[in-house]
Each structure stands twice: as structure tokens, then as C-alpha cells.
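Structure first, then comments.
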Amino acid sequence: MRFDIITLFPQIFSGYLTQSLLAKAIDKGLVEIVVHDLRDWSTDLKHHKIDDRPYGGGPGMLICVEPVVNCVEAVQQMGHAPGTVVLTTPQGDRLNQRRVEQISQLDRLILLCGRYEGFDQRVIDILKPIELSVGDYVLNGGEVAAMVVVDSAVRMIPGVLGDEQSSWDDSFSRGNRILEFPQYTRPPEFRGHIVPEVLLSGDHARIASWKTEQSLKKTQLRRSDLLNGD
Ligand code: 6GU
């Protein structure tokens, strides 16, 4: 899968892209990530400005339509297919695991990172991106949200995770929305806190039913919305 990330802050991605799981997926040729600096498409040759004051007044600056549309169109030409354009914005549809799975099945995604007060509305009217938000809170910009999209989608691409991790993901994400049971490792006692006896019993049937019960209890307590099929 190819990701193109369009941003005013390309440096933000450099540490993340060399991080182990993603670096491995790139090495294996399963994922390709190309970061583009929106400023390279500025029509202002002198100061490379890409934003301007909103018509009608109001606070902040807006990213201009021309550099964004030119940039996205140029990036689309660079690949084998134009790909799906996603704009990260707090006004978007909320990302969830179902959405992540759909995204991971695409062969090309172009992520446009929102910034400042937003984009000129014509960016959205012309490019018709899928608008995605990563939750009900405000970030300084769409870069962190774009990383959330890449990170969550990449781990769903077959071959990216080791067997152990992918079967864990399968049991806890694909249609089976339940929280994790508590886990323990050595030592059996620390400062008077002991590991539940059942886990040391060697009775696999009892252990399995304890895990299920703990997961359900925690889910009911913290995220009953998940049990109601949301
Ligand atoms: Cl995608 N962008 C910004 N700026 N804030 C957000 C967001 C995105 N998703 C949640 N909050």
C-alpha cells in the first residue's frame, strides 16, 4: 500500500517513519510512504506563502486553494493510480476500527494534513476528500491524526505483523469489540500484590473462562457502548 502525506511540516514524520514496525513494513516492501511539503507548491516564489486572511474577516489564516489543489493533482500523477484523498480535520467522520480496516484495503491513500484555521472551502469542493477526525478533541494540526491513520491501517495489512500479534488483533478488534483482561508476569507477589490464583493453577479451562469473564466485566464497566454493537 502506498501512502502520500501532504503537510507543511514534513519533518514531523521523520522519526515516526524510521520507527521499528513501520520501518520493517517499508523494508519488506509492504508499505511505501512518501512525504510531500505543501510549501513546494506555493505560488508565491518569494516567501513561499501558502495561507491568507479569510474573506469576510475572522481570526487566523486559511490555506489557499491553489497550492493544495496543484499539489494533490501533482502527487496523484506520481503514482500508478490517483488514490483516495483523505483530509484530516476535526470536522471529519470519526475514525474507528471498521474505517481503519476499509482504509487498509486500499492500494493508495493520499493524506492531506489540516492546519491553522483550515482550508479554503474550495479545496473540499474540488478534491472531495474523505474527511476524517481521530476523536472529539482539538489537535494543533492534522499531522498527528495522519500518523494515527497510517499507524492503524498499516498494522492491518497482511504480513506486517508477526503471527502472535495479528491473532491478538483478530480476537480483539475484528467484530469482537471487547477490552483486554488483566495480565501478569513474574514475580507472583510484589509489595503484597499477588497474581490471581487461577492463572497459576495450570487449569486451562478455568483460565480461559476467567479471562473471558474479566474481559466482559471490564468492557461492561468502562465501555458498555461496545457491547451494544456501536
Ligand atoms: Cl484530524 N485534526 C485536528 N486538528 N484536530 C483533531 C483531529 C484532526 N481529529 C481530532 N481532533
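Start at 1 and go down the list; that is how both ligands and their atoms are numbered. Side chains are part of it too, since the values below use all heavy atoms of this structure and drop only hydrogens, waters and symmetry mates.
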For this session: Would you mind listing which atoms of ligand 1 come within a distance below 4.0 Å of any non-hydrogen atom of Ser133?
Result: 1 (Cl), 9 (N), 10 (C)
Problem set entry | Identity and separation of the nearest protein heavy atom to atom 2 (N) of ligand 1 | Pro90 CD, 3.4 Å
Problem set entry | Shortest non-hydrogen contact between Val149 and Leu95, atoms and distance | CG2-CD2, 4.2 Å
Exercise. Hey, which atoms in ligand 1 end up nearer than 4.0 Å to a heavy atom of Leu132?
Worked result: 1 (Cl)
For this session: Determine whether Tyr184 and Leu200 fall in the same hydrophobic cluster, where Ile, Leu, Val, Met, Phe, Trp and Tyr are linked whenever their side-chain heavy atoms lie under 4.5 Å apart.
Result: yes
Exercise. Is the shortest distance from a Lys or Arg side-chain nitrogen in Asp44 or Lys46 to a carboxylate oxygen in the other one below 4.0 Å?
Worked result: no
Exercise. Is the number of heavy atoms from other residues, nucleotides or ligands within 6.0 Å of NZ (Lys24) greater than 12?
Worked result: no
Seminar exercise, completed: closest protein heavy atom to atom 4 (N) of ligand 1 is Leu139 O, 3.1 Å
Exercise. Where does Asp136 meet ligand 1, judged by heavy-atom distances below 4.0 Å: at the side chain, the backbone, both, or neither?
Worked result: neither
Exercise. What residue and atom, counting heavy atoms only, is the protein's closest point to atom 6 (C) of ligand 1, and at what distance?
Worked result: Tyr137 O, 3.6 Å
Exercise. Which ligand 1 atoms are under 4.0 Å away from a heavy-atom of Ala145?
Worked result: 1 (Cl), 8 (C)
For this session: With rounding to the nearest 0.5 Å, note down the distance linking NE2 in His36 to CG in Asp4.
Result: 3.5 Å
Exercise. Of all the atoms in ligand 1, which lie at a distance below 4.0 Å from a heavy atom belonging to Val134?
Worked result: 9 (N), 10 (C)
Exercise. In the protein, what heavy atom is nearest to atom 1 (Cl) of ligand 1, and what distance, to one decimal place, separates them?
Worked result: Thr89 N, 3.0 Å
Exercise. Has Arg122 got more than 12 heavy atoms of other residues, nucleotides or ligands less than 6.0 Å from its CZ?
Worked result: no
For this session: Look at the side-chain heavy atoms of Ile, Leu, Val, Met, Phe, Trp and Tyr, link any pair under 4.5 Å apart, and say whether Val198 and Ile194 land in one connected group.
Result: no
Problem set entry | Closest approach of any protein heavy atom to atom 10 (C) of ligand 1, naming residue and atom | Gly135 O, 3.0 Å
Exercise. Non-hydrogen atoms of Gly141 versus ligand 1: any pair closer than 4.0 Å?
Worked result: yes
For this session: Please round to the nearest 0.5 Å and tell me the distance separating atom CG of Asp37 and atom CD of Gln11.
Result: 7.5 Å
